[in-house]
Amino acid sequence: TAQVGEYGRAEVLYEKALQISPGLPDAKYNLAKLWTRMGKFLPARDVFQEMLPVISNVVDVYQNLGACEFSLGNYKQALLWFKLALGYSPNNDDLHKNYATCLSCLNDYRGAIYHFNKALDLGNEDFSVLLNIAYAHHSLHEYSPAEEFALAFLEHGEKGMLPVDELNCLTLLSSIKKSLGYDVEANEIYYRIIEKFGDQAWAYSNYLFTRIFMENETQESLFEKHVDFARRYEAPRRELWGNYTNVPQPNRKLKIGYVSADFFSHSVSYFSLPLIANHDKSKFEIHCYSGREVEKDPVMLRIRREVHWHEIQGKSVEQVVEMIRQDEIDLLVDLSGHTGGNQLLTFACKPAPVQLTWIGYPFSTGLTAIDYRVVDNYIEPKGVSEHISSETLLRIDDCFCAYRPSISRPHRLTNGELDVRPTPALENGFITFGCCNNLHKVNEFTLGLWAKIMQRTPNSKLLLEASGGGKEDVVQA
């Protein structure tokens, strides 16, 4: 009965058998195995532990215990059970695969790669192992082998591949290409995702963000692509606009909501924290909707002390929209644009009567649901970019942002570390230029400009900060 998926009926039969003969070990053990298929991992785990002394096939018990602990998120305990099983059955390919999966979850990617490969050597035919190896290499910034295994997965798993696996693999490949600076190829993969998986708005956002830094992309063409994003993802949500319950009383506090996945030690917070922390609390009630939680991050802890904090990581667009509406936010501020972890689909539903975007993205979002984009006369001179902005440009006098250094380590502001001091060039005898941006933002035009500057500055050096910069394939790229 269990084999044909009638789990509920099978569960009843096993329980009746145990009522008649409580000491039937096989019935109890099979009931626990059934529970694992039904997602009842806690009672299944308890039964497996109880059956350890009476079941002769300890490898099977250890493996089932490991599966239960893994499904419960107890990766270290799962690893222990799989390790015990491997002690009895060292050539079991499934055990090596499961052991490797636990290691990946515990960030031991080198060990995971070894055991995933061991599973393949022993004849494991689960092609998802290839994708898992690719993920592990990617986490170690080893992009060339990551690409090799991802492509192997697409090739070998083509016939039996689930759509979600193909989507995950294409997403990984786009990240690999982006990390190696191959933006054109990354864009091709993003567009492939967009065309095949139309509901993946994040892929279109990544596509747009990457195109910003392509020197052959005109501003008008780039804007049209942003407008197309709105056609795809905003237009179907227009019917949700309006019907706000906010009471228009001029003397009440104005409720402002900030939405971001970067409320931690991140460059966006260097600019947003000074504003968020210095609102006049007698006039404004401040809410922050965080799309990413970073445990014990000092910047996140600082922001949380200043505002009404809402965790939205893992919540659906509908849930976030309902949360903002219930909070009766008057002014909703996007701090992401089309960068990672954005909530533009939430903004497309227009859960607040006034919405604006600021600081997180250097171009229009394309959404008409966002009323304003905060700029100044330096980055957006009047009369230059109005025609390529879906939002009304709200120009701030002087500079549109305030920078506060060392927000994650504020003691450096007072202990002298950040005091102005003589330039190192006086002692070194040469000027050092530096760039701490993500290098995928650097195109041929920028490199050519840097080269001209350095040619005119004798003996100068260039310091680059690059993720995985010690890896040969990154250096070559």
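Closest approach of L154 to C169, counting heavy atoms only: CG-SG, 3.6 Å.
Looking at R232 and E195, a side-chain N of the basic residue comes within less than 4.0 Å of a carboxylate O on the acidic one, giving a salt bridge. We find that R231 and D228 are joined by a salt bridge, their nearest charged nitrogen and carboxylate oxygen being less than 4.0 Å apart. With salt bridges taken as basic N to acidic carboxylate O contacts below 4.0 Å, one links R302 and E306.
With sequence neighbours left out, E185 forms a salt bridge (Lys or Arg N to Asp or Glu O under 4.0 Å) with K177. Under the side-chain hydrogen bond (donor to acceptor under 3.5 Å, both in side chains) criterion, Y135 pairs with no residue, sequence neighbours left out. Listed by chain and number, the residues in a salt bridge (Lys or Arg N to Asp or Glu O under 4.0 Å) with D330 are R252 (sequence neighbours excluded). Checked against salt bridge (Lys or Arg N to Asp or Glu O under 4.0 Å), D46 has no partners two or more places apart in sequence or in another chain.
V320 places none of its side-chain heavy atoms less than 4.5 Å from the side chain of V259. Between D334 and Q355, every side-chain heavy-atom pair lies at or beyond the 4.5 Å cut-off. Looking only at side-chain heavy atoms (C-beta outward), Y190 and K178 come within less than 4.5 Å of each other. Residues M300 and E293 form a side-chain contact, since some pair of their non-hydrogen atoms from C-beta on lies under 4.5 Å apart. Residues I324 and H287 fail the side-chain proximity criterion, which asks for heavy atoms closer than 4.5 Å.
Using modelled atom types, one side-chain atom of D297 and one backbone atom of S265 make a donor-acceptor pair closer than 3.5 Å. Within the 3.5 Å criterion, the main-chain N or O of S260 finds no donor-acceptor partner in the side chain of S336. Of the possible donor and acceptor atoms, none in the side chain of E217 sits under 3.5 Å from a partner among the backbone N and O of R211. Between the side chain of S272 and the main chain of V268, a donor-acceptor pair closer than 3.5 Å is present.
Ring orientation note: the planes of Y403 and F271 are tilted relative to one another, at an angle of 30° to 60°. Using a 30° and 60° split on the angle between ring planes, H226 and Y361 fall in the tilted class, from 30° to 60°.
For S385 and Q219, the side-chain atoms include no donor-acceptor pair closer than 3.5 Å. Side-chain contact annotation: E220 with H387, donor-acceptor N/O pair under 3.5 Å present.
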Would you tabulate the side-chain donor-acceptor contacts of residues 340-354 under 3.5 Å, counting partners in other chains and residues two or more places apart, or write 'none'?
| residue | atom | partner | partner atom | Å |
| --- | --- | --- | --- | --- |
| N342 | OD1 | L344 | N | 3.1 |
| N342 | ND2 | S205 | OG | 3.3 |
| N342 | ND2 | T339 | O | 3.0 |
| Q343 | OE1 | T346 | OG1 | 3.0 |
| K350 | NZ | D371 | OD1 | 2.9 |
| K350 | NZ | D371 | OD2 | 3.3 |

Side chains of residues 77-91: which donor-acceptor partners sit under 3.5 Å, not counting sequence neighbours?
none

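Checking each of W309, Y289, Y258 against F263 for a ring pair (Phe, Tyr, Trp, His ring centres under 6.0 Å) leaves exactly one that passes, namely W309. Of the residues F229, F209, Y233, the one that meets the ring pair (Phe, Tyr, Trp, His ring centres under 6.0 Å) test with H338 is F229.
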> Should H138 and Y143 be marked as a ring pair (Phe, Tyr, Trp, His ring centres under 6.0 Å) after you check the CA-CA gap, both sets of side-chain angles, and the distance that decides it?
Replying inline: CA-CA 6 Å; H138 181 266; Y143 301 119; 5.5 Å; yes
